[in-house]
*Asks:* 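Would you mind keeping the following structure in view while I ask a few things?
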Amino acid sequence: MKRYDLSDAYSTEEVVVYNSVATLVFKVVFSLLFFICTIYIFQKDGNWIFGIIFLVLSLIFGRDTFVYFTNINKVQLTINVKGVQYKDNELVEWRFVKNERIKRKRSGKTNISSLVYYIENQDKIIELNLENVSISEEDLINLFAFFRDKSKGGI
């Protein structure tokens, strides 16, 4: 996960958050290992039932990896002096963005983190899963505070 140097924010007009390349690399490696296991099962074990199961699973993982790869350059979040833009939605001015926070949900043994904020004029809650983005939770919250203050002329 990329660490964002907040001192860079003083000279930049906006910060754009994309999907994480590290997640893509993990998905590619995992898919390839699963496919190699499938070939091994067919070649060495001769167990067709497990081979077919592994083949179907490796195709599912491969498709998931391909979809992630095709979306790697899509903007997930744009933060600037004017406001926040989530994916392809319209830019929301800072005066309408309320209660931004990190929400953590426990799923089994893992914690899933999301950025959550409320858009007052649209009566809508936005939730961005932070597991696959290119910025840390702490940096994201700091950037929200920084650009909000900068929009008020505080910085």
Side-chain angles (χ1 to χ4, degrees), residues 1-42 51-94 96-119 122 124-151 155:
M1 182 167 320
K2 178 183 169 190
R3 293 292 303 179
Y4 189 84
D5 188 1
L6 200 55
S7 63
D8 290 342
Y10 288 100
S11 62
T12 188
E13 293 297 316
E14 70 180 14
V15 173
V16 180
V17 178
Y18 295 96
N19 282 324
S20 170
V21 174
T23 302
L24 175 64
V25 170
F26 173 78
K27 285 178 177 278
V28 167
V29 169
F30 185 76
S31 295
L32 287 174
L33 286 175
F34 218 83
F35 189 72
I36 290 169
C37 287
T38 301
I39 292 172
Y40 177 80
I41 288 172
F42 276 127
I52 291 172
I53 291 171
F54 267 68
L55 179 63
V56 168
L57 289 174
S58 66
L59 289 174
I60 291 170
F61 292 139
R63 181 190 164 281
D64 180 49
T65 302
F66 179 75
V67 168
Y68 190 85
F69 173 73
T70 58
N71 293 323
I72 194 76
N73 289 325
K74 287 192 177 177
V75 174
Q76 299 299 306
L77 193 69
T78 304
I79 309 165
N80 60 33
V81 176
K82 295 177 185 174
V84 179
Q85 183 177 2
Y86 176 69
K87 295 188 178 182
D88 293 331
N89 298 339
E90 64 184 46
L91 181 87
V92 178
E93 295 178 23
W94 282 114
F96 299 119
V97 177
K98 306 290 181 197
N99 197 23
E100 62 269 6
R101 66 195 183 284
I102 300 297
K103 177 178 150 185
R104 290 182 181 85
K105 189 187 315 178
R106 189 152 181 84
S107 175
K109 292 184 178 182
T110 60
N111 287 325
I112 299 172
S113 299
S114 301
L115 170 72
V116 179
Y117 61 93
Y118 175 70
I119 303 174
Q122 297 175 11
K124 187 162 123 181
I125 295 174
I126 300 293
E127 186 168 345
L128 171 66
N129 184 347
L130 297 177
E131 300 303 310
N132 298 327
V133 294
S134 61
I135 194 167
S136 72
E137 301 169 9
E138 180 183 339
D139 291 339
L140 198 52
I141 288 296
N142 288 339
L143 286 169
F144 260 71
F146 175 80
F147 279 108
R148 182 187 298 277
D149 288 347
K150 195 172 178 181
S151 73
I155 296 178

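This chain uses plain numbering: 1 for the first residue, then up along the sequence. Quantities reported herein were computed from a predicted structural model and do not represent experimental measurements.
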*Asks:* Among residues at least two apart in sequence or on other chains, which ones pass side-chain contact (heavy atoms from CB on, under 4.5 Å) with V28?
*Replies:* L24, L32, T65

*Asks:* Under the side chain to side chain donor-acceptor pair (under 3.5 Å) test, which residues partner K74, sequence neighbours left out?
*Replies:*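 So K74 forms a side chain to side chain donor-acceptor pair (under 3.5 Å) with N71.
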
*Asks:* Measuring only between side-chain heavy atoms, which start at C-beta, is N132 closer than 4.5 Å to Q76?
*Replies:* no

*Asks:* Of all residues at least two apart in sequence or in a different chain, which pass the salt bridge (charged side-chain N to carboxylate O under 4.0 Å, His left out) check with R104?
*Replies:*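 Expected list: E137.
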
*Asks:* Under the side-chain contact (heavy atoms from CB on, under 4.5 Å) rule, what do N129 and I112 come out as? Steps first, then yes or no, please.
*Replies:* CA-CA 8 Å; N129 184 347; I112 299 172; 4.1 Å; yes

*Asks:* Who passes side chain to side chain donor-acceptor pair (under 3.5 Å) against N99, sequence neighbours left out?
*Replies:* none

*Asks:* Measure the OG-CD1 distance between S151 and I79 for me, rounded to the nearest 0.5 Å.
*Replies:* 12.5 Å

*Asks:* Quick test of your reading: applying side-chain hydrogen bond (donor to acceptor under 3.5 Å, both in side chains), list the pairs with at least one residue in residues 55-64, sequence neighbours left out, ordered by first then second residue.
*Replies:*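 Counting only pairs at least two positions apart or across chains, the side-chain hydrogen bond (donor to acceptor under 3.5 Å, both in side chains) contacts touching residues 55-64 are K27-D64.
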
*Asks:* Compare every heavy atom of N111 with every heavy atom of R106, then report the nearest pair and how far apart it is.
*Replies:*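 Smallest interatomic distance, heavy atoms only, reads NH1-OD1, 3.3 Å.
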
*Asks:* Using the side-chain contact (heavy atoms from CB on, under 4.5 Å) criterion, which residues pair with L59? Sequence neighbours excluded.
*Replies:*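 Expected list: L55.
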
*Asks:* I need the L57 CG to C37 SG distance, nearest 0.5 Å.
*Replies:* 11.5 Å

*Asks:* Please report the shortest heavy-atom distance between V75 and Y18, naming the atom on each side.
*Replies:*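 Minimum heavy-atom contact is CG2-CE2, 3.7 Å.
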
*Asks:* Within this structure, what is the OH-NZ distance for the pair Y118 and K124, rounded to the nearest 0.5 Å?
*Replies:* 11.5 Å

*Asks:* Under the side chain to side chain donor-acceptor pair (under 3.5 Å) rule, collect the residues that match up with N19, sequence neighbours excluded.
*Replies:* none

*Asks:* Kindly indicate whether the side chain of V133, heavy atoms from C-beta on, has any atom under 4.5 Å from the side chain of S20.
*Replies:*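 No; the side chains remain at least 4.5 Å from each other.
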
*Asks:* Taking only residues two or more places apart in sequence or in another chain, which ones pass side-chain contact (heavy atoms from CB on, under 4.5 Å) with E127?
*Replies:* K103, S114, V116

*Asks:* Please name all residues satisfying side-chain contact (heavy atoms from CB on, under 4.5 Å) with I39, sequence neighbours left out, ordered by chain then number.
*Replies:* F35, Q43

*Asks:* When you measure from the side chain of W94 to the backbone of D149, do you find a donor-acceptor pair of N or O atoms at a distance under 3.5 Å?
*Replies:*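 It does not hold such a pair.
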
*Asks:* Which heavy atom of G62 sits nearest a heavy atom of S31, and at what distance?
*Replies:* N-OG, 3.9 Å

*Asks:* Name the atoms and distances for all side-chain donor-acceptor pairs under 3.5 Å in residues 81-93, with sequence neighbours left out.
*Replies:*
| from | atom 1 | to | atom 2 | distance (Å) |
| --- | --- | --- | --- | --- |
| Q85 | NE2 | N89 | O | 2.8 |
| E93 | OE1 | R95 | NE | 2.7 |
| E93 | OE1 | R95 | NH2 | 3.2 |

*Asks:* Donor-acceptor check, side chain of E100 to backbone of F144, threshold 3.5 angstrom: yes or no?
*Replies:* no

*Asks:* For a side-chain contact (heavy atoms from CB on, under 4.5 Å) with E138, tell me which candidate from N142, I135, I141, L140 qualifies.
*Replies:*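 It is N142, the one option of N142, I135, I141, L140 that forms the side-chain contact (heavy atoms from CB on, under 4.5 Å) with E138.
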
*Asks:* Does a side-chain heavy-atom distance below 4.5 Å link I52 with F42?
*Replies:*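 They are in side-chain contact.
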
*Asks:* Look up atom CG in L115 and atom CD1 in I102, then write down how far apart they are to the nearest 0.5 Å.
*Replies:* 5.0 Å

*Asks:* Taking ring pair (Phe, Tyr, Trp, His ring centres under 6.0 Å) as the definition, give me every residue that meets it alongside F34, ordered by chain and number, with sequence neighbours left out.
*Replies:* F30, F54, F61

